[in-house]
Amino acid sequence: ASLRANMDPGALRHFEPYLQKLGEAAGGRLDQLARKVERNPPVLEHRDRFGTDLDEIDYHPAYREMEKIGFEDFQMHAMCHRNDALGWDGPAPQAAKYAFQYLFSQSEFGMMCPLSITDATIQVLSKFASDELKAYLLPRMTATDMATLWKGTQWMTERAGGSDVSGLETEARLEDGVWRLYGDKWFASHTDAHIALTLARPAGAPAGNAGIALFAVPRYLPDGSRNSYRIVRMKEKMGTKSLASCEVVFEGAEAYLVGQADQGLKQMMEQVNMSRLSHGVRAAGMMRRCFNEAMQIARHRDAFGARIIDHPLLRRQIMKILVPAEQALALSSLAAGYMDRARAGSNDAAQIIRILTPLVKFRACRDAIDAARAAME
């Protein structure tokens, strides 16, 4: 119902078979792969056995198969930016993309970061990068073949500048006509992505947000050599263990200035807000998985002479999971519909999406914690 209300009927008919296919994968092969990766998380290899510096992240084959499902089979990173994704004529509606994310996240949450942040990186570059930079990066980032695809990421957090980004310490220096970055990023997810959007303060720029610029940092330079930054260590996390999150040190890393040097934070927020909406729909997917698991037990477990689903208090508990799950999906779908209208030029839709974005992120992600607890009970 949420999709019907916020997506063109023709688009819904077109994408429905693909959604059905992803739903089958989420309840089958994708779920199996996610369990394997949870037991075999990525490993940071600093050196090989001969002492040669590697600075590479090693993934289990199950992770690579999940990548193929998300990036290649269903093209979630590129479907809103290509004119031919999954056979659709033109860029796919945002609601279609979030429907795919909703299903995918019911089995695998960690992979959703690379998928959604690549999508958001493409959006930022499309909107703010120079024509030359777009011509260089976008064909590679919208590719749907794993052999040629360049994935994106976002690095913002620093030890001195977390939520208060104005306190960041990474410095950008213009050396012989090339921007180079120096400093630390304290929490860098999807660390080995091909392109990282990050913030830095150009040397001599004023303090505060006005002095922050946005840069695109390539993992590899045009000649194939590795860029000058090191992955220092892997983060230990309670969840999303399939996703490599690390600390990174820039040691004169070559970077491309994106947009205006005094608009970096404002431009980066385009990516942040897309991520927030994605987090909301992922939370909806997680809550739906919690509901499905709880219902499976409730329908097959006997207690006090009856299936537990027949006890009124148990049904009341189940509804405490289902209602916020449906709320999150409905609100995320509504936001997706307004996003399409805003991009078509509606100022009213643009204002509404500014309100909906933090609401989706805050409410859905907060409710997911209670839903998970209730499902475990």
Side-chain angles (χ1 to χ4, degrees), residues 1-3 19 22-41 62-63 66 98-113 115-116 187 189 235-243 245 275-335 356-377:
S2 297
L3 288 177
L19 292 168
L22 180 56
E24 293 170 359
R29 182 58 178 166
L30 185 59
D31 190 57
Q32 297 167 2
L33 294 169
R35 292 174 183 274
K36 285 184 180 180
V37 175
E38 187 76 8
R39 296 191 298 269
N40 301 275
Y63 180 90
M66 288 197 305
Y98 287 127
F100 281 94
Q101 292 189 8
Y102 173 72
L103 291 174
F104 195 98
S105 61
Q106 290 185 44
S107 284
E108 167 54 23
F109 192 86
M111 180 62 67
M112 281 311 311
C113 173
L115 286 164
S116 67
F187 199 94
S189 286
K235 292 291 191 181
E236 295 183 12
K237 300 182 294 181
M238 295 180 66
T240 60
K241 294 183 179 180
S242 61
L243 172 65
S245 300
S275 297
R276 286 172 173 165
L277 288 173
S278 178
H279 278 294
V281 78
R282 286 182 248 169
M286 293 176 71
M287 285 190 277
R288 184 70 197 195
R289 175 63 181 266
C290 289
F291 170 78
N292 291 343
E293 296 279 355
M295 283 297 295
Q296 178 68 11
I297 298 299
R299 286 171 172 159
H300 293 88
R301 181 182 174 193
D302 293 332
F304 305 105
R307 294 288 169 92
I308 63 172
I309 190 63
D310 295 328
H311 295 296
L313 284 178
L314 188 282
R315 292 201 297 274
R316 184 172 182 266
Q317 288 299 104
I318 291 289
M319 289 301 293
K320 289 182 179 180
I321 305 172
L322 179 60
V323 170
E326 290 296 303
Q327 288 174 334
L329 178 60
L331 193 57
S332 299
S333 300
L334 180 67
L356 288 178
T357 297
L359 285 177
V360 170
K361 170 66 163 63
F362 168 72
R363 182 59 187 263
C365 295
R366 185 190 65 176
D367 287 349
I369 299 170
D370 287 336
R373 176 192 52 76
M376 288 190 287
E377 287 183 0

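For the numbers below, each heavy atom of this structure counts, side chains included, while hydrogens, waters and symmetry mates do not.
- Checking side-chain atoms of Arg307 against main-chain N and O of Ala298 turns up no donor-acceptor pair under 3.5 Å.
- Summarising the geometry of Ala371 relative to Met287, their closest heavy-atom pair is CB-CG, 3.5 Å, with the distance given to 0.1 Å.
- With Ser107 contributing its side chain and Phe104 its backbone, the two residues share no donor-acceptor pair below 3.5 Å.
- Here the OG1 atom belonging to Thr240 is positioned 12.5 Å from the NZ atom belonging to Lys235, to the nearest 0.5 angstrom.
- Checking each of Ser332, Ser105, Ser116 against Arg282 for a side-chain hydrogen bond (donor to acceptor under 3.5 Å, both in side chains) leaves exactly one that passes, namely Ser116.
- Between the CG atom of Leu103 and the OH atom of Tyr98 there is a distance of 15.0 Å, given to the nearest 0.5 Å.
- The nearest pair of heavy atoms linking Leu356 to Ala335 is CD1-CA, 3.8 Å.
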Worked check of salt bridge (charged side-chain N to carboxylate O under 4.0 Å, His left out) between Glu326 and Arg288 = CA-CA 8 Å; Glu326 290 296 303; Arg288 184 70 197 195; 3.2 Å; yes
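- Taking all atoms of both residues into account, the shortest heavy-atom contact from Gln327 to Asp367 is OE1-OD2, 4.3 Å.
- Ring geometry, Phe304 versus His311: the interplanar angle exceeds 60°, so the pair is classed perpendicular (tilted spans 30 to 60°).
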Does the pair Leu243 and Lys237 meet the rule for a side-chain contact (heavy atoms from CB on, under 4.5 Å), with working shown?
-> CA-CA 10 Å; Leu243 172 65; Lys237 300 182 294 181; 3.9 Å; yes
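- The structure places CE of Met376 at 12.0 Å from CD of Glu293, a figure rounded to the nearest 0.5 Å.
- By the neighbour-count criterion of 12 heavy atoms within 6.0 Å, atom CD of Glu236 is sparsely surrounded, having that number or fewer from other residues, nucleotides or ligands.
- Within a 6.0 Å sphere centred on CZ of Arg299, other residues, nucleotides and ligands contribute 12 heavy atoms or fewer.
- Between the side chain of Arg276 and the main chain of Pro358, no donor-acceptor pair closer than 3.5 Å is present.
- Smallest separation of non-hydrogen atoms from Ser189 and Cys113: CB-SG, 4.2 Å.
- Side-chain contact between Met319 and Arg315 is absent, with no heavy atoms from C-beta onward closer than 4.5 Å.
- How far CD1 of Ile321 is from CZ of Arg373: 9.0 Å, rounded to the nearest 0.5 Å.
- Here the shortest heavy-atom pairing between Ala283 and Ala364 reads CB-O, 3.6 Å.
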Start with the C-alpha gap between Arg289 and Asp31, add the side-chain angles, then the distance that decides, and say whether side-chain contact (heavy atoms from CB on, under 4.5 Å) holds.
-> CA-CA 11 Å; Arg289 175 63 181 266; Asp31 190 57; 3.1 Å; yes
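- Asn292 places a side-chain heavy atom less than 4.5 Å from the side chain of Gln106.
- The shortest side-chain heavy-atom distance between Leu314 and Arg301 does not fall under the 4.5 Å cut-off.
- Between atom CE of residue Met295 and atom NE2 of residue His300 there is a gap of 10.0 Å, rounded to the nearest 0.5 Å.
- With no hydrogens or angles considered, a side-chain donor-acceptor pair links Glu108 and Ser242 at under 3.5 Å.
- Separation of atoms CD1 (Ile318) and CD1 (Ile308) is listed at 7.5 Å; rounding is to 0.5 Å.
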